[in-house]
Amino acid sequence: MGSQANFLQSLGWAVWNSLWQMALLWVVYQLLTGLLPKTKPAAKSGLATTLLLLGFVWFVYTFFAVFSGRTVTADTLASGFLSPDPASGLNNWLQRSLPTASIVYLTLLLLPVFRFIRNYRYVQIIRRYGLSKLQVDWRMFVNKTAARMGIQKPVHAWISEWVTSPVTIGFWKPVILVPLAAINHLTPQQIEAVLLHELAHIRRSDYLVNLVINFIQTILYFNPFVKAFVKIVEREREKSCDEMVLQFQYDSHDYATALLTLEKTSHLQRPFVLAASGNKNDLLHRVESILGIHKKPVFTFNKLAGVIAGFLCIITLNALLLINKPVADKSVSLFTEIGSPVA
């Protein structure tokens, strides 16, 4: 029972700390991209992915460090998490409450885990069933273009009756699935542009990255900053693939029209597939970017509100744990003196 209680308490502290940890990384992202407004979408996507992975590693490390019962002194280099201090009245209450909170977290975790497994199984189904051969000239185009882009893995392209927009699935054995409607409603040049977009996803290893970030979002389903990072990754990776299409000198108006045409018939909302039309809410901004409609970068109210929310989360969660700490206590947690942003 003692080990079980320690596990639940450690998990609770890790969950609690992940809120301000991800908030801190979110603020870092906003500041870096704010200072460098002309950062390419590929760099933004890579930065957001890196910070999201760092935040998840931080969460796991916090759990194991607290679970192992490490004692940290002021001489210890900050490792970046708040550890429970039984001398604090609020912390003492939190220690009694966190096991119950952890049970609630694990119970609610069943839903996102079920969704994750269901989506993964869906991908495996559309990969195997409802397929027919794509025209030989399109298959030759895919192979030729993949070689030009430096893609070493063989890429297979099929017509699928299960999808409503061209999608890419698989990492080791990537597959591009094209709906019959796309063949019927798009011109040959537009089809080539859309296939090139999917090849760009393969070149960037987006399927693997997508799988990893969806796994992180499943585990940290409660964290709003995780969801914000995932949205950034999804938006910027689509823009990066759009840039790749335009680098191959395809007409921007035809390509934008193809995306809008695909959006009209698309109702695919599975997070494990990479659709050419992308997210509906981001499509307008993508089309503007493709057509060269670049708005002057400004520090918008939403971005300002996000940064303020991040700072408030960091300050509030740190203050709640540190405000009642006795002055005479010379041992500190891993984030009180050296690492705390509010110290």
Give a yes or no on whether K40 atom NZ has more than 12 heavy-atom contacts from other residues, nucleotides or ligands under 6.0 Å away. no
Which one of F222, W13, W16 satisfies the ring pair (Phe, Tyr, Trp, His ring centres under 6.0 Å) criterion with Y105? F222
Donor-acceptor under 3.5 Å (S68 side chain, F64 main chain): yes
Value for CG (L283) from CD (E238), rounded to nearest 0.5 Å, stands at 9.5 Å
Kindly indicate whether the side chain of F141, heavy atoms from C-beta on, has any atom under 4.5 Å from the side chain of I191. no
How many angstroms lie between CE in M244 and NE2 in H201, if you round to the nearest 0.5 Å? 11.0 Å
Is there a donor-acceptor pair closer than 3.5 Å between any side-chain N or O of T62 and the backbone N or O of W58? yes
Indicate yes or no: at least one non-hydrogen side-chain atom of T168 is less than 4.5 angstrom from one of D206. no
Does any non-hydrogen side-chain atom of R127 lie less than 4.5 Å from one of K173? yes
For F248, the ring-ring contact (aromatic ring centres under 6.0 Å, His included) test, sequence neighbours excluded, returns none
Donor-acceptor contact below 3.5 Å, side chain S45 vs main chain P41: no
What heavy-atom pair brings V226 and Q217 nearest, and what distance separates the two atoms? CG1-CA, 3.9 Å
Output, in order, the C-alpha distance, side-chain angles, deciding distance and verdict of side chain to side chain contact (heavy atoms under 4.5 Å, CB included) for L53 and T49. CA-CA 6 Å; L53 288 172; T49 302; 4.2 Å; yes
Determine, for D242 against R286, whether the closest basic-nitrogen to carboxylate-oxygen distance falls under 4.0 angstrom. yes
With sequence neighbours excluded, what pairs up with Y29 under the ring-ring contact (aromatic ring centres under 6.0 Å, His included) test? none
Side chains of W138 and E192: closer than 4.5 Å at any heavy-atom pair? yes
Any side-chain heavy-atom pair of L262 and L186 under 4.5 Å: yes
Within a reach of under 6.0 Å around CZ of R204, are more than 12 heavy atoms found that belong to other residues, nucleotides or ligands? yes
Could you pull out all residues at least two apart from F63 that satisfy ring-ring contact (aromatic ring centres under 6.0 Å, His included)? F7, F67
Can I183 and Q135 be said to form a side chain to side chain contact (heavy atoms under 4.5 Å, CB included), step by step? CA-CA 10 Å; I183 304 295; Q135 290 176 284; 4.2 Å; yes
Measuring only between side-chain heavy atoms, which start at C-beta, is L19 closer than 4.5 Å to F59? no
A side-chain contact here means heavy atoms from C-beta on lying under 4.5 Å apart; do I202 and I176 qualify? yes
Y255 vs H197 aromatic rings, parallel, tilted or perpendicular, using cut-offs 30° and 60°? tilted
Does a side-chain heavy-atom distance below 4.5 Å link I232 with R235? yes
Any chance you could measure F225, atom CZ, to W26, atom CH2, to the nearest 0.5 Å? 8.0 Å
Should V194 and V178 be marked as a side chain to side chain contact (heavy atoms under 4.5 Å, CB included) after you check the CA-CA gap, both sets of side-chain angles, and the distance that decides it? CA-CA 10 Å; V194 169; V178 183; over 6 Å; no
